[in-house]
**Q** 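The structure follows.
Since the structure is predicted, the reported quantities are computational estimates derived from the model, not experimental observations. Every chain is numbered from 1, with letters handed out A, B, ... down the list of sequences. The figures that follow rest on heavy atoms only: side chains count, while hydrogens, waters and symmetry mates do not.
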Amino acid sequence: MLVLQAIRENKEAISTALKKRNLDADSLLSQVLQLDEKRRSLQTAMDGTLAQLNSLSKEIGTLYKTGKAQEANLLKEKTTRLKEDSKSMGEELNAVVLQLEEVLYLIPNVPNELVPAGSSEEDNEEVFREGDVPKLLKGALPHWELAKKYDIIDFELGVKITGAGFPVYKGKGAKLQRALITYFLDRNTAAGYTEMQVPHLVNAASGFGTGQLPDKEGQMYHVTADDLYLIPTAEVPVTNIFRDTILNHQDLPVCYTGYTPCFRREAGSYGAHVRGLNRLHQFDKVEIVRVEQPGNSYEALTGMVEHVKGILRELELPYRILRLCGGDLGFTSALTYDFEVFSTAQDRWLEISSVSNFETFQSNRLKLRFKDENGKIQLAHTLNGSSLALPRVLAGILENYQTEEGIRIPKVLVPYTGFDLID
RNA sequence: GGAGGAAUGGCAGAGUGGUCGAAUGCGGCAGUCUUGAAAACUGUUGAGGGUCACACCUCCGGGGGUUCGAAUCCCUCUUCCUCCGCCA
């Protein structure tokens, strides 16, 4: 949620920046300002009435104490009208506050100046590329074929148990999956991130805190009996650790990492691009989350990008980094770098990480603040990134490391798997 | 699941109808003293709205009610604790 004060002060600049998202937000922003003005005038009027009421009450108290009950009773009559007024003003005020909030929810984050204009993923800007694309044998297979050939992932079994998009990992496949999780967590904690284990279900307040609600309501599994949501990413529970929190500037930056399964309904997805591990309803991911002082957040973003690079380098996977264009940028993000691994057998890029700076968009909603060096309270910046998402990394490894003998395991993972070949 | 008890500022903890945004202690911050630190002493120290700044308004787990007036009384929800039951 955008900061109201910022809209008041920079409406034009915000509107211009939002055009990069192909969004004409002028009327929304104007609505915000109108509702805000209405809110303030109602608030002022109600406050005045309440002030009168308060001082009358005090007078009545004093009169009773000094035995002037009759005078007190006279004053009491005056309060009736004021009470009615303040009540109706309060109701009107609440309605306006709700309306204001609803409009604010509709406005996405303001893109950073580095964000290129554009409408789709075609317009994303490649900013980095590294790693050699391996020469595969003739007849190299996509990962879903490899999974079957070596009996390490069973998609049909998942269909039987749950439905499409819930694969069963078997034997060395399961072990490799677990090895990756541990390896990622080890790399992240070595870089200073504290490992956290968090709930996999969250309440609605948490969903609103990080911005999944109301924007992506339909994309989350909702347990209606208890009004809880299955998390689509660890970002939600980890970032919400800091909901309604005021940190000290010495506490910053906060760097957390966590492994969780992620659940996404992916309503509306279909077709060849969702085959195998490419798109799942349940998948594993290791996430990194940072809370930063505003002045440091972009440096932190760069640090996170470098960190993920280091991991992919160790895994010896060919990858590229894209700076997302306005049209592809997530609702809550100000600047996002996507990492894509090249899947040689599918001859396409697969997104494996997304690293974003949300600036104050989440913290405003979360009420995540910190006390700066001067004792002033201000909103912190939040960032997060995948480090890394499992299925497509797994797909990349299976496809790029296939040989005649079987699938080789990246050297760095062998200590974790205990084997160096899937055959 | 059953029976009781509780929820107050960063923490502990007082406050059972008005002068309470809230005693006191700890912690934090600033200062005095000291070569420096500690100790001691002095001052200061919740959040939000509003204002140029004041004034003023709201908040004592959430919501509702009684009352001229609620941290305090009533209803309700949530959470936590104790005991019993069940259980990975």
Side-chain angles (χ1 to χ4, degrees), chain A residues 1-9 32-101 103-104 197-209 213 223-229 237 240-252 254 261 291 293 360 362-380:
Chain A
M1 191 166 68
L2 291 183
V3 178
L4 195 52
Q5 189 69 18
I7 300 178
R8 271 196 225 160
E9 287 166 8
V32 167
L33 292 182
Q34 273 170 27
L35 286 167
D36 177 47
E37 214 161 289
K38 201 166 166 193
R39 195 209 96 230
R40 275 184 292 165
S41 72
L42 279 169
Q43 180 86 59
T44 308
M46 188 179 78
D47 285 357
T49 310
L50 288 173
Q52 286 182 55
L53 218 38
N54 286 343
S55 74
L56 276 177
S57 294
K58 260 179 203 161
E59 272 183 62
I60 291 169
T62 328
L63 288 173
Y64 272 127
K65 283 243 161 94
T66 50
K68 296 173 183 164
Q70 269 191 329
E71 285 180 50
N73 286 331
L74 270 171
L75 284 182
K76 270 195 202 179
E77 284 166 29
K78 289 170 75 176
T79 63
T80 318
R81 175 72 184 280
L82 288 172
K83 276 209 291 186
E84 280 166 10
D85 286 355
S86 75
K87 200 178 173 188
S88 68
M89 282 189 271
E91 279 162 10
E92 208 182 332
L93 180 65
N94 279 342
V96 171
V97 167
L98 279 177
Q99 278 178 50
L100 178 58
E101 201 168 59
V103 179
L104 278 171
Q197 282 195 9
V198 290
H200 299 168
L201 280 82
V202 294
N203 55 32
S206 292
F208 278 100
L213 291 174
V223 182
T224 49
D226 297 293
D227 197 21
L228 296 173
Y229 294 85
N240 270 282
I241 290 172
F242 299 102
R243 176 151 45 88
D244 291 318
T245 299
I246 300 177
L247 296 162
N248 286 314
H249 63 90
Q250 302 101 314
D251 301 331
L252 298 175
V254 173
V291 182
Q293 297 212 27
T360 59
Q362 289 184 326
S363 61
N364 187 33
R365 189 70 208 128
L366 288 162
K367 294 209 187 72
L368 162 50
R369 292 160 294 172
F370 74 100
K371 206 172 258 183
D372 68 18
E373 288 80 351
N374 304 315
K376 220 183 115 205
I377 289 170
Q378 50 175 309
L379 291 171

**Q** Go ahead and name the base partner of B/A53; Watson-Crick or wobble counts if both distances stay under 3.5 Å, otherwise write none.
**A** none

**Q** What residues, two or more places apart in sequence or in another chain, satisfy side chain to side chain contact (heavy atoms under 4.5 Å, CB included) together with A/Gln70?
**A** none

**Q** Distances under 3.5 Å between protein N/O atoms and the N/O atoms of nucleotides 27-29 of chain B, please, pair by pair.
**A**
none

**Q** Does B/C20 pair with anything, Watson-Crick or G-U wobble, both distances under 3.5 Å, and if so, with which nucleotide?
**A** none

**Q** Rounded to the nearest 0.5 Å, what separation is found between the CG atom of A/Leu100 and the CD atom of A/Glu37?
**A** 12.0 Å

**Q** Return the minimal non-hydrogen interatomic distance between A/Leu93 and A/Leu42, and the atom names on each side.
**A** CD1-CB, 3.9 Å

**Q** Taking salt bridge (Lys or Arg N to Asp or Glu O under 4.0 Å) as the cut-off, I'd like each qualifying pair that reaches into residues 367-376 of chain A, sequence neighbours left out, listed once.
**A** none

**Q** C1' atom, B/C68 versus B/U76: distance in rounded Å?
**A** 26 Å

**Q** List the atom pairs, with distances to 0.1 Å, where a side-chain N or O of residues 240-251 of chain A and a protein N or O form a donor-acceptor pair under 3.5 Å, not counting sequence neighbours.
**A**
unit_1: A/Asn240; atom_1: OD1; unit_2: A/Arg243; atom_2: NE; d: 2.8
unit_1: A/Asn240; atom_1: ND2; unit_2: A/Ser206; atom_2: O; d: 2.8
unit_1: A/Asn240; atom_1: ND2; unit_2: A/Val236; atom_2: O; d: 2.8
unit_1: A/Arg243; atom_1: NH2; unit_2: A/Ser206; atom_2: OG; d: 2.9
unit_1: A/Thr245; atom_1: OG1; unit_2: A/Phe242; atom_2: O; d: 3.1
unit_1: A/Thr245; atom_1: OG1; unit_2: A/Arg243; atom_2: O; d: 3.1
unit_1: A/Asp251; atom_1: OD2; unit_2: A/Asn248; atom_2: N; d: 2.9

**Q** Taking the same atom, C1', in B/A37 and in B/U24, what whole-Å distance lies between them?
**A** 29 Å

**Q** Minimum heavy-atom separation for A/Ser363 and A/Ala380, please, with both atom names.
**A** OG-O, 2.6 Å

**Q** Does B/G4 have a Watson-Crick or wobble partner in any strand here, with both distances under 3.5 angstrom, and which is it?
**A** B/C81

**Q** Please measure how far the P atom in B/U51 lies from the corresponding atom in B/G13, and state the result in whole Å.
**A** 40 Å

**Q** Check the interface with nucleotides 73-75 of chain B: list each N/O to N/O pair with the protein under 3.5 Å, or write none.
**A**
none

**Q** Hunt down the Watson-Crick or G-U wobble partner of B/C60, both distances under 3.5 Å, from any strand shown, or write none.
**A** none

**Q** Filter on side-chain hydrogen bond (donor to acceptor under 3.5 Å, both in side chains), then keep only pairs touching residues 38-62 of chain A, sequence neighbours left out; what's left?
**A** A/Asp36-A/Arg39, A/Asp36-A/Arg40, A/Gln43-A/Asp47

**Q** For A/Phe370, which residues count as a ring pair (Phe, Tyr, Trp, His ring centres under 6.0 Å) partner, sequence neighbours excluded?
**A** none

**Q** Using whole Å, what does the distance between atom P of nucleotide B/G10 and atom CG of A/Asp251 come to?
**A** 14 Å

**Q** If every non-hydrogen atom of A/His200 is compared with every non-hydrogen atom of A/Pro261, which pair is closest and at what distance?
**A** CE1-CD, 3.3 Å

**Q** What distance, rounded to whole Å, do you find between the two P atoms, one in B/A47 and one in B/A22?
**A** 14 Å

**Q** Looking only at atom P, what distance separates B/C57 and B/A3, rounded to whole Å?
**A** 44 Å

**Q** Working to the nearest 0.5 angstrom, can you tell me the gap between A/Leu104 CG and A/Leu2 CG?
**A** 7.0 Å

**Q** Does A/Lys83 put a side-chain nitrogen or oxygen below 4.0 Å from OP1 or OP2 of B/G69?
**A** yes

**Q** Does B/G69 pair with anything, Watson-Crick or G-U wobble, both distances under 3.5 Å, and if so, with which nucleotide?
**A** none

**Q** How far, in whole Å, is B/U32 from B/A39 if one measures between their C1' atoms?
**A** 13 Å

**Q** On a whole-Å scale, what distance lies between the C1' atoms belonging to B/C11 and B/U82?
**A** 23 Å

**Q** Considering only nitrogen or oxygen atoms on both sides, find all protein atoms under 3.5 Å from nucleotides 18-22 of chain B and state each distance.
**A**
unit_1: B/G18; atom_1: N2; unit_2: A/Ser57; atom_2: O; d: 2.7
unit_1: B/U19; atom_1: O4; unit_2: A/Lys65; atom_2: NZ; d: 2.9

**Q** Check side chain to side chain contact (heavy atoms under 4.5 Å, CB included) between A/Leu98 and all other residues, then give those that pass, not counting sequence neighbours.
**A** A/Glu101

**Q** B/U79 P sits how many Å from A/Asp226 CG, rounded?
**A** 10 Å

**Q** Just by protein heavy atoms under 4.0 Å, how would nucleotides 46-62 of chain B read 5' to 3' in B, S and -?
**A** -SSBSS----SSS----

**Q** What pair of heavy atoms forms the shortest contact from A/Leu379 to A/Thr360, and how long is it?
**A** CB-CG2, 3.7 Å

**Q** If pairing requires Watson-Crick or G-U wobble contacts with both distances under 3.5 Å, which nucleotide is the partner of B/G9?
**A** none

**Q** Output the rounded distance in Å from CG (A/Asn248) to P (B/U45).
**A** 17 Å

**Q** With rounding to whole Å, what would you report as the distance between B/U34 and B/A23 at their C1' atoms?
**A** 34 Å

**Q** Any side-chain hydrogen bond (donor to acceptor under 3.5 Å, both in side chains) pairs touching residues 75-100 of chain A, not counting sequence neighbours?
**A** A/Tyr64-A/Lys76

**Q** Listed by chain and number, what are the side-chain hydrogen bond (donor to acceptor under 3.5 Å, both in side chains) partners of A/Asp226, not counting sequence neighbours?
**A** none

**Q** If pairing requires Watson-Crick or G-U wobble contacts with both distances under 3.5 Å, which nucleotide is the partner of B/A30?
**A** B/U42

**Q** Using whole Å, report how far NZ of A/Lys78 lies from C1' of B/G69.
**A** 16 Å

**Q** Return the minimal non-hydrogen interatomic distance between A/Pro237 and A/Pro199, and the atom names on each side.
**A** CG-O, 3.6 Å

